[in-house]
Amino acid sequence: MEKKSKATVKATEAKKDAALKESFAEIKKAAEPAKEVKKDAPAPVKKEEPKETKKEAAPAKEAKKAAPVKKEAPKKAPAAKKEAKTSVTLQYSGKDVDLDKLVEAAKKAASKVKADAKKVDIYVNVDESAAYFAVDGEGNADYKVEM
(Lines give C-alpha, C1' and ligand atoms only; values in the text may rest on other atoms or scores of the structure.)
Protein backbone atom coordinates (compact mmCIF):
# COMPACT_ATOMS: atom_id res chain seq x y z
CA MET A 1 0.00 0.00 0.00
CA GLU A 2 2.96 2.27 0.59
CA LYS A 3 3.97 1.95 -3.07
CA LYS A 4 0.53 3.08 -4.22
CA SER A 5 0.61 6.14 -2.02
CA LYS A 6 4.07 7.14 -3.33
CA ALA A 7 2.89 6.64 -6.89
CA THR A 8 -0.25 8.62 -6.17
CA VAL A 9 1.81 11.41 -4.61
CA LYS A 10 4.15 11.50 -7.63
CA ALA A 11 1.21 11.61 -10.03
CA THR A 12 -0.40 14.40 -8.03
CA GLU A 13 2.87 16.35 -7.99
CA ALA A 14 3.28 15.87 -11.74
CA LYS A 15 -0.23 17.27 -12.28
CA LYS A 16 0.58 20.21 -10.03
CA ASP A 17 3.80 20.92 -11.93
CA ALA A 18 2.01 20.79 -15.27
CA ALA A 19 -0.75 23.09 -14.00
CA LEU A 20 1.83 25.52 -12.60
CA LYS A 21 3.79 25.62 -15.85
CA GLU A 22 0.59 26.24 -17.77
CA SER A 23 -0.52 29.05 -15.47
CA PHE A 24 2.90 30.71 -15.59
CA ALA A 25 2.85 30.51 -19.39
CA GLU A 26 -0.55 32.26 -19.37
CA ILE A 27 0.72 34.91 -16.99
CA LYS A 28 3.77 35.48 -19.16
CA LYS A 29 1.60 35.87 -22.28
CA ALA A 30 -0.62 38.36 -20.49
CA ALA A 31 2.38 40.34 -19.22
CA GLU A 32 4.13 40.65 -22.62
CA PRO A 33 1.82 43.38 -24.03
CA ALA A 34 2.21 45.31 -20.80
CA LYS A 35 5.98 45.28 -21.24
CA GLU A 36 5.62 46.79 -24.72
CA VAL A 37 3.52 49.64 -23.36
CA LYS A 38 5.78 50.51 -20.47
CA LYS A 39 9.34 49.26 -19.98
CA ASP A 40 9.29 49.96 -16.23
CA ALA A 41 6.38 47.56 -15.55
CA PRO A 42 6.64 45.76 -12.18
CA ALA A 43 7.81 42.16 -12.16
CA PRO A 44 5.07 39.50 -12.04
CA VAL A 45 4.08 38.42 -8.56
CA LYS A 46 5.24 34.92 -7.64
CA LYS A 47 2.52 32.66 -6.28
CA GLU A 48 3.01 29.97 -3.67
CA GLU A 49 2.72 26.41 -4.89
CA PRO A 50 -0.78 25.14 -4.05
CA LYS A 51 -1.29 21.93 -2.09
CA GLU A 52 -4.07 20.51 -4.25
CA THR A 53 -4.79 20.47 -7.96
CA LYS A 54 -8.29 21.91 -7.49
CA LYS A 55 -6.92 24.99 -5.76
CA GLU A 56 -4.49 25.59 -8.65
CA ALA A 57 -7.29 26.38 -11.06
CA ALA A 58 -8.51 29.32 -8.97
CA PRO A 59 -5.11 31.10 -8.73
CA ALA A 60 -4.64 30.68 -12.49
CA LYS A 61 -7.94 32.50 -13.10
CA GLU A 62 -6.91 35.20 -10.65
CA ALA A 63 -3.63 35.60 -12.49
CA LYS A 64 -5.50 36.10 -15.74
CA LYS A 65 -7.64 38.78 -14.15
CA ALA A 66 -4.68 40.46 -12.47
CA ALA A 67 -2.66 40.87 -15.66
CA PRO A 68 -5.08 43.30 -17.40
CA VAL A 69 -5.27 45.37 -14.22
CA LYS A 70 -1.50 45.80 -14.38
CA LYS A 71 -1.85 47.22 -17.91
CA GLU A 72 -4.32 49.89 -16.78
CA ALA A 73 -2.71 50.75 -13.44
CA PRO A 74 0.41 52.67 -14.60
CA LYS A 75 -0.97 55.95 -15.94
CA LYS A 76 2.02 58.16 -15.22
CA ALA A 77 3.68 59.31 -18.40
CA PRO A 78 7.35 60.24 -18.25
CA ALA A 79 7.86 63.97 -18.03
CA ALA A 80 8.22 65.41 -21.50
CA LYS A 81 11.58 67.01 -22.05
CA LYS A 82 11.20 70.65 -22.90
CA GLU A 83 13.20 71.87 -25.85
CA ALA A 84 15.54 74.75 -25.14
CA LYS A 85 14.26 78.11 -26.32
CA THR A 86 16.55 79.59 -28.95
CA SER A 87 16.99 82.88 -30.72
CA VAL A 88 19.38 84.03 -33.41
CA THR A 89 20.76 87.56 -33.54
CA LEU A 90 22.81 88.82 -36.46
CA GLN A 91 25.46 91.34 -35.49
CA TYR A 92 27.20 93.47 -38.09
CA SER A 93 28.55 97.03 -38.31
CA GLY A 94 27.43 97.79 -34.77
CA LYS A 95 23.85 96.64 -35.42
CA ASP A 96 21.89 93.79 -33.83
CA VAL A 97 19.17 92.17 -35.93
CA ASP A 98 16.81 89.57 -34.42
CA LEU A 99 16.35 87.06 -37.22
CA ASP A 100 13.02 85.80 -35.83
CA LYS A 101 11.59 89.32 -36.14
CA LEU A 102 13.09 89.62 -39.61
CA VAL A 103 11.42 86.38 -40.69
CA GLU A 104 8.05 87.56 -39.33
CA ALA A 105 8.41 90.89 -41.15
CA ALA A 106 9.23 89.08 -44.40
CA LYS A 107 6.21 86.77 -43.99
CA LYS A 108 3.95 89.74 -43.35
CA ALA A 109 5.25 91.56 -46.44
CA ALA A 110 4.93 88.36 -48.51
CA SER A 111 1.29 87.96 -47.43
CA LYS A 112 0.60 91.41 -48.88
CA VAL A 113 2.11 90.30 -52.19
CA LYS A 114 0.30 86.94 -52.25
CA ALA A 115 -2.22 86.09 -49.52
CA ASP A 116 -2.06 82.30 -49.97
CA ALA A 117 1.73 82.00 -50.25
CA LYS A 118 2.98 78.46 -49.64
CA LYS A 119 6.70 79.21 -49.49
CA VAL A 120 8.69 82.32 -48.59
CA ASP A 121 12.46 82.30 -49.23
CA ILE A 122 14.47 84.99 -47.43
CA TYR A 123 17.89 86.27 -48.50
CA VAL A 124 19.80 88.56 -46.11
CA ASN A 125 22.08 91.15 -47.72
CA VAL A 126 24.20 92.68 -44.95
CA ASP A 127 25.88 95.20 -47.29
CA GLU A 128 22.51 96.76 -48.14
CA SER A 129 21.01 96.27 -44.63
CA ALA A 130 18.03 94.53 -46.19
CA ALA A 131 16.44 91.13 -46.51
CA TYR A 132 14.95 90.19 -49.85
CA PHE A 133 12.27 87.53 -50.17
CA ALA A 134 10.74 85.40 -52.89
CA VAL A 135 7.13 84.26 -52.75
CA ASP A 136 6.53 80.73 -54.09
CA GLY A 137 9.81 80.95 -56.02
CA GLU A 138 9.09 84.35 -57.62
CA GLY A 139 11.24 87.28 -56.55
CA ASN A 140 11.32 90.97 -57.32
CA ALA A 141 13.60 93.84 -56.34
CA ASP A 142 10.62 95.39 -54.54
CA TYR A 143 10.22 92.34 -52.26
CA LYS A 144 12.45 93.71 -49.55
CA VAL A 145 12.46 94.25 -45.78
CA GLU A 146 14.79 96.81 -44.18
CA MET A 147 16.90 95.62 -41.25
Side-chain angles (χ1 to χ4, degrees), residues 8-147:
T8 306
V9 170
K10 286 184 181 180
T12 305
E13 288 179 359
K15 287 180 184 178
K16 287 180 187 178
D17 288 341
L20 264 175
K21 287 180 183 178
E22 186 176 309
S23 66
F24 282 129
E26 290 173 4
I27 292 170
K28 189 174 181 181
K29 284 181 185 178
E32 285 178 5
K35 288 180 183 176
E36 292 175 7
V37 172
K38 186 174 180 184
K39 293 180 181 179
D40 299 331
V45 178
K46 294 183 180 179
K47 305 249 180 198
E48 292 182 21
E49 185 174 314
K51 295 181 180 180
E52 293 182 23
T53 308
K54 291 181 183 178
K55 290 183 181 178
E56 177 56 38
K61 289 180 184 176
E62 289 174 12
K64 288 180 186 178
K65 291 178 184 177
V69 173
K70 289 180 184 177
K71 290 180 190 176
E72 296 173 12
K75 291 185 179 180
K76 287 186 177 180
K81 293 183 180 178
K82 293 182 180 180
E83 192 172 313
K85 190 173 183 179
T86 59
S87 67
V88 179
T89 302
L90 177 65
Q91 293 182 331
Y92 70 98
S93 302
K95 296 181 181 180
D96 290 346
V97 178
D98 184 354
L99 293 184
D100 292 332
K101 290 180 182 177
L102 184 65
V103 169
E104 289 303 315
K107 285 182 182 179
K108 185 176 180 181
S111 69
K112 292 178 182 176
V113 173
K114 188 174 180 183
D116 62 341
K118 295 179 182 177
K119 183 178 178 186
V120 178
D121 297 316
I122 303 169
Y123 304 91
V124 178
N125 188 330
V126 178
D127 294 335
E128 297 179 15
S129 294
Y132 294 91
F133 60 91
V135 180
D136 293 334
E138 295 181 23
N140 188 331
D142 295 335
Y143 297 172
K144 157 177 146 174
V145 177
E146 297 291 328
M147 292 195 295

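- Looking only at side-chain heavy atoms (C-beta outward), V126 and L90 come within less than 4.5 Å of each other.
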Query raised in the report: Would K119 and D121 satisfy side-chain contact (heavy atoms from CB on, under 4.5 Å), going step by step from the backbone distance to the final call?
Result: CA-CA 7 Å; K119 183 178 178 186; D121 297 316; 3.1 Å; yes
Requested in this report: Just do the side-chain contact (heavy atoms from CB on, under 4.5 Å) check on I122 and V103 with the steps written out, would you?
Outcome: CA-CA 8 Å; I122 303 169; V103 169; 4.0 Å; yes
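- Salt-bridge annotation for E146 and K144: present, with a side-chain N of the basic residue lying under 4.0 Å from a carboxylate O of the acidic one.
- Applying the ring pair (Phe, Tyr, Trp, His ring centres under 6.0 Å) rule to pairs touching residues 125-147 yields F133-Y143, sequence neighbours excluded.
- Taking D116 as the reference, nothing meets the side-chain hydrogen bond (donor to acceptor under 3.5 Å, both in side chains) condition, with sequence neighbours excluded.
- Between V135 and K114, the shortest heavy-atom contact is CG1-CB, 3.8 Å.
- Considering all non-hydrogen atoms of both residues, A106 and V145 come closest at CA-CG2, 3.8 Å.
- Checking side-chain atoms of D136 against main-chain N and O of K118 turns up a donor-acceptor pair under 3.5 Å.
- The CE atom of M147 lies 8.5 Å from the CG atom of L99; values are rounded to the nearest 0.5 Å.
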Query - Working for side-chain contact (heavy atoms from CB on, under 4.5 Å), residues V124 and L102 - result: CA-CA 9 Å; V124 178; L102 184 65; 3.9 Å; yes
